[in-house]
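Data block below; observations after.
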Amino acid sequence: MYAEERQRAILKQARQDGRVDVATLAATFEITSETVRRDLTALERNGVLRRVHGGAIPVERLGFEPGLATRDTVMTGEKERIAAAALEQMPTEGAILLDAGTTVGRLASIIPADRELTVVTHSLPAAFTLAGRPNITLMLVGGRLRARTMAAVDSWALNALKDTYVDIAFIATNGISVERGLTTPDTAEAMIKRAAIAAARRTVLLADHTKIGNDHFARFGDLSDVDTLITDTGVDPQVADEIAQTGIKVIAV
């Protein structure tokens with residue numbers, strides 16, 4: 001395979017999965033890691049990929065945030081495993097907060113019917129999922145509804161969260177890195193995520209491996225704000241170790 005053909009295949013894979021990593025590409029194409037890095041550099045110079053630690057992401061991810069329905073069809077198996085692991089962190093009774101996001105949405109759908117919980121959420125899909133549960137006291141945070149994520153944002157939501165305190169907040173993110181912390185494309189979403197973390201005794205971050213090593217426009221937290229990161233086994237072990245060295249418990253499922 002010529003370099004140009006291989007680079008087109010790498011770009012296609014990146015756009016399909018949201019990210020490519022050096023080790024997997026080297027194994028797939030039976031080439032050295034150094035050759036992969038040269039391919040990624042060439043694609044970055046062409047303006048179609050951006051290099052990140054251990055791999056690259058398509059430039060579309062830097063300025064474009066897919067809608068909820070689109071994101072819900074990606075990494076489904078990984079998200080289901082992450083949600084199942086997150087359920088093990090959930091108390092049998094007490095107060096929790098559910099952030100907006102497709103992985104957190106899967107967690108909402110598998111909460112057992114016998115849990116005596118107060119659930120605070122600004123996610124409309126999570127609220128619809130839990131509305132009929134007799135043992136759950138649902139506290140829906142209001143505000144401007146952001147259509148792309150179906151989540152309440154802006155000052156009304158902030159006002160509700162500043163007087164709220166829960167045992168655990170289950171938080172989603174678009175990006176997490178040692179260098180930049182927790183990031184998301186939208187500033188209004190970032191404000192609510194920051195307030196949600198501040199409202200919790202413990203923070204559990206749910207993020208599949210395509211989010212790890214990525215940075216987005218709006219920063220909403222430090223790694224020190226997170227107690228536990230639950231991700232999938234596709235995460236680069238070196239990056240997971242770097243994150244764990246900051247004091248976060250990393251669970252890969």
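None of the values given here were measured: they were computed from a predicted structure.
Thr184 and Asn174 are linked by a side-chain donor-acceptor pair at a separation below 3.5 angstrom, with hydrogens and angles left out of the test. Residues Thr103 and Arg106 have side chains that never bring a donor and an acceptor to within less than 3.5 angstrom of each other. Judged purely by distance below 3.5 Å, without hydrogens or angles, the side chains of Glu189 and Thr149 pair a donor atom with an acceptor atom.
To the nearest 0.5 Å, the span separating CZ on Arg38 from OG on Ser33 amounts to 11.0 Å. Rounded to the nearest 0.5 Å, atoms CD (Glu179) and CD (Glu242) are 7.0 Å apart. The distance from the CD1 atom of Ile96 to the OG1 atom of Thr121 is 9.0 Å, given to the nearest 0.5 Å. A distance of 7.5 Å separates CG in Leu97 from NE2 in His122, rounded to the nearest 0.5 Å.
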Go through it in stages, so that I can follow the logic: the residues are Lys193 and Asp99, the test is salt bridge (Lys or Arg N to Asp or Glu O under 4.0 Å), and I'd like the CA-CA distance, side-chain angles, deciding distance and then a yes or no.
CA-CA 7 Å; Lys193 290 178 182 291; Asp99 189 16; 2.6 Å; yes
Apply salt bridge (Lys or Arg N to Asp or Glu O under 4.0 Å) to the pair Glu93 and Arg115, showing each step before the final yes or no.
CA-CA 6 Å; Glu93 59 183 23; Arg115 297 285 173 103; over 6 Å; no
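Listed for the Asn159 side chain is a donor-acceptor partner under 3.5 Å among the backbone atoms of Ser155. With hydrogens and angles ignored, the 3.5 Å screen pairs a side-chain donor or acceptor of Thr129 with a backbone N or O of Pro125. Between the side chain of Thr164 and the main chain of Ala160, a donor-acceptor pair closer than 3.5 Å is present. Of the possible donor and acceptor atoms, none in the side chain of Ser177 sits under 3.5 Å from a partner among the backbone N and O of Gly213. No side-chain donor-acceptor contact under 3.5 Å links Thr187 to the backbone of Ala218. In this structure, the side chain of Asp21 does not engage the main chain of Gly54 through any donor-acceptor pair within 3.5 Å.
Around the CD atom of Glu30, the shell of radius 6.0 Å holds no more than 12 heavy atoms that belong to other residues, nucleotides or ligands. By the neighbour-count criterion of 12 heavy atoms within 6.0 Å, atom CE of Met139 is sparsely surrounded, having that number or fewer from other residues, nucleotides or ligands. Taking a 6.0 Å sphere around CZ of Arg6, one finds it holds more than 12 heavy atoms contributed by other residues, nucleotides or ligands. Counting heavy atoms of neighbouring residues, nucleotides and ligands inside a 6.0 Å radius, atom CZ of Phe128 does not exceed 12 of them.
The pair Asp167-Arg202 does not count as a salt bridge, with every side-chain nitrogen at least 4.0 angstrom from each carboxylate oxygen.
When side chains are defined from C-beta on, Met1 counts as touching Phe29, because their heavy atoms get closer than 4.5 Å. Residues Thr173 and Phe220 meet the side-chain proximity criterion, which asks for heavy atoms closer than 4.5 Å. You'll find the side chain of Ile248 stays beyond 4.5 Å of the side chain of Asp227, heavy atoms only. Counting heavy atoms from C-beta outward, Thr228 and Val226 have side chains that stay 4.5 Å or more apart.
In terms of hydrophobic clustering, with Ile, Leu, Val, Met, Phe, Trp and Tyr side chains grouped at heavy-atom distances under 4.5 Å, Ile197 and Leu98 are assigned to different clusters. Note on Leu229 and Phe170: separate hydrophobic clusters, where clusters join Ile, Leu, Val, Met, Phe, Trp and Tyr whose side-chain heavy atoms are under 4.5 Å apart, directly or indirectly. Hydrophobic cluster membership differs between Val166 and Ile168, with clusters built from Ile, Leu, Val, Met, Phe, Trp and Tyr side chains linked at under 4.5 angstrom.
For the side-chain hydrogen bond (donor to acceptor under 3.5 Å, both in side chains) with His209, the lone residue among Thr233, Thr231, Asp17, Asp232 that qualifies is Asp232.
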